Amino acid sequence: MSNSVSPIADSTSAAAPAAPGQDERPSQDDWRSGGLAVLRAELDRIDNQIHDLLMRRAEVVEHVARSGKPAAFRPGREASIIRRLLQRHRGALPPASLVRIWRELLAGTTSMQGGLSLAVCDPDHGATLTQLAREHFGSLTPLRAYGTAAQALADVSQGVASVAVLPFPSDRDTWWVSLLHREPRLHIIARLPFWNRRPDGAPMAQALVVASTPPDASGNDRSFLGLECDSDISRTRLSGELLAADLKPEIMVVLRQHGASVSNVLIEVEGYLTDNDPRLGRLGSVLRRPIVAGSYASPLGGAAG
Ligand SMILES: O=C(O)C(=O)C[C@]1(C(=O)O)C=C[C@@H](O)C=C1
């Protein structure tokens with residue numbers, strides 16, 4: 001078919017999309033009472049304004065990238081941006097849509113600062129952890145799926161991937177033990193999903209994100225402590241020591257190596273902690289000073305789901 005065929009105008013298409021540079025038309029105050037063409041003209045005008053602002057926002061991000069901050073991806077800052085916008089959100093647009101738009105935008109502004117790439121531990125390529133990673137880091141961000149957590153972590157260590165997306169720690173998913181012994185260190189920096197209100201069909205798994213740079217605080221965070229203890233230590237005793245040190249434990253994963261006298265323990269506590277937090281020196285039962293394996297911004301809709 002020839003390219004010269006003109007589109008057939010329908011009776012509602014009087015308002016053609018505004019051409020570049022021609023979007024200065026003032027808003028018609030009477031758009032509410034206008035027909036479809038008037039309403040669409042108003043939408044085109046608003047779209048141009050949003051687009052102009054997005055381009056301006058990207059220019060500011062270019063300057064932020066040159067500010068000397070430790071890494072392109074700052075998940076704590078991203079969490080605080082989304083929380084703030086949800087607080088001021090009004091009207092009919094579903095809050096979940098607002099979050100989706102900003103997740104894609106932040107993936108774009110992170111990748112424009114030098115590339116964002118994901119190494120996902122997903123033995124069933126394309127299954128839940130890949131979907132969670134896409135939900136958070138954008139639908140077209142480069143992603144490699146691996147059969148093991150060790151492979152995904154190796155990509156981050158070698159600088160092949162910016163972040164690894166790994167199953168939430170358990171006594172079966174034991175990749176977290178390597179974070180307690182590895183030099184140079186890797187850090188837990190985020191938890192997925194950030195939007196915890198799961199609609200039908202959304203992946204229900206929980207994951208952590210690991211990177212080579214430490215996390216940034218978002219104002220409402222949780223941290224992971226990595227401990228080494230005698231293998232006969234009880235959870236009750238450890239919890240008591242943590243509470244006495246003013247640390248509120250939430251999740252505790254204990255890994256007793258078969259036949260070993262030492263257990264590795266991962267404990268989630270409230271707040272954003274760093275390695276030099278004085279409370280870490282107050283735990284009597286540990287064999288060496290605990291390390292902070294990382295922290296994450298508490299997800300929306302409840303930290304634990
Ligand atoms: O504030 C920063 O550090 C930025 O790089 C800007 C920005 C943003 O677009 O707002 C982009 C990526 C980061 O992960 C967080 C925020």
Side-chain angles (χ1 to χ4, degrees), residues 47-89 93 95-120 129-144 152-153 155-156 159-166 185-196 207-224 272 274 292-300 303:
D47 284 347
N48 286 351
Q49 287 180 346
I50 295 171
H51 188 206
D52 283 344
L53 287 173
L54 287 174
M55 292 187 288
R56 209 166 107 203
R57 195 180 188 287
E59 275 178 43
V60 179
V61 173
E62 282 179 319
H63 285 264
V64 172
R66 293 196 285 267
S67 68
K69 69 190 180 114
F73 178 44
R74 303 278 70 204
R77 168 69 180 149
E78 293 191 359
S80 65
I81 291 172
I82 291 176
R83 286 188 195 129
R84 187 180 60 78
L85 293 175
L86 282 168
Q87 284 247 313
R88 72 193 292 281
H89 191 61
L93 184 72
S97 301
L98 179 81
V99 176
R100 298 296 331 124
I101 292 165
W102 252 264
R103 284 303 337 144
E104 200 64 49
L105 172 62
L106 292 166
T109 56
T110 303
S111 59
M112 59 175 262
Q113 296 181 55
L116 173 66
S117 59
L118 318 173
V120 180
L129 259 54
T130 298
Q131 290 171 37
L132 274 183
R134 289 249 166 269
E135 179 180 324
H136 198 78
F137 291 105
S139 47
L140 293 176
T141 298
L143 178 154
R144 278 192 203 170
L153 286 170
D155 262 19
V156 176
V160 176
S162 330
V163 298
V165 176
L166 306 172
R185 282 170 65 179
L186 296 178
H187 309 264
I188 295 163
I189 61 164
R191 178 175 180 166
L192 308 182
F194 185 61
W195 181 254
N196 242 338
L208 292 181
V209 180
V210 170
S212 56
T213 40
D216 57 331
S218 74
N220 178 1
D221 302 275
R222 285 155 194 269
S223 301
F224 284 104
Y272 176 85
T274 56
V292 177
S295 59
Y296 66 83
S298 298
L300 299 165

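Quick caveat: nothing in here was measured; it's all calculated off a predicted structure. Below, each value reflects all heavy atoms present in this structure, side chains not excepted, and no hydrogens, waters or symmetry copies. Counting starts at 1 for both ligands and their atoms, following the listed order.
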Residue that, paired with Leu166, satisfies side chain to side chain contact (heavy atoms under 4.5 Å, CB included) out of Ile188, Leu153, Leu192, Val156: Leu153

One finds that the ligand 1 atoms under 4.0 Å from a non-hydrogen atom of Ala72 are 5 (O), 12 (C), 13 (C), 14 (O)

What is the distance from atom CZ of Arg191 to atom CG of Leu132, rounded to the nearest 0.5 Å? 11.0 Å

Rounded distance [0.5 Å steps], OG1 in Thr109 versus CD1 in Ile81: 7.5 Å

Ligand 1 atoms in contact with Leu106 (distance to a heavy atom under 4.0 Å): 8 (C), 9 (O), 10 (O)

Given 3.5 Å as the limit, does a donor-acceptor pair link the side chain of Arg144 with the main chain of Ala152, or not? no

Selection from Thr109, Val60, Ile81 by shortest heavy-atom distance to atom 9 (O) of ligand 1: Thr109

Counting from 1 in the order shown, the ligand 1 atoms closer than 4.0 Å to a non-hydrogen atom of Val64 are 1 (O), 2 (C), 3 (O), 4 (C), 5 (O)

Measure Ala65 to ligand 1 on non-hydrogen atoms and call it side chain, backbone, both or neither using the 4.0 Å cut-off. neither

Show me which atoms of ligand 1 lie under 4.0 Å from any heavy atom of Lys69. 2 (C), 3 (O), 4 (C), 5 (O)

Contact region, Arg74 to ligand 1, non-hydrogen atoms below 4.0 Å, reads both

Got the closest protein heavy atom to atom 12 (C) of ligand 1, with its distance? Thr110 OG1, 3.3 Å

Within-4.5 Å side-chain heavy-atom neighbours: Lys69 and Asp216: no

How far does CZ of Arg185 sit from OG1 of Thr213, to the nearest 0.5 angstrom? 12.5 Å

Under 4.5 Å between any side-chain heavy atoms of Arg84 and Arg88, yes or no? yes

Taking the side chain as every heavy atom from C-beta outward, state whether Met112 and Glu62 have any atom pair closer than 4.5 Å. yes

How far is atom 16 (C) of ligand 1 from the closest protein heavy atom, and which atom is that? Arg77 CG, 3.9 Å

Proximal atoms of ligand 1 relative to Gln113 (non-hydrogen, under 4.0 Å): 4 (C), 5 (O), 11 (C), 12 (C)

Suppose I only count heavy atoms of Val61 and a 4.0 Å limit; which atoms of ligand 1 are within that range? 9 (O)

Near Phe73, which atoms of ligand 1 are under 4.0 Å from a heavy atom of that residue? 14 (O)

Atom 15 (C) of ligand 1 - nearest protein heavy atom and its distance: Glu78 CG, 3.6 Å

Validation row: Val209, Phe137 side chains within 4.5 angstrom (heavy atoms): yes

Which protein heavy atom lies closest to atom 10 (O) of ligand 1, and at what distance to 0.1 Å? Arg57 NH2, 2.8 Å

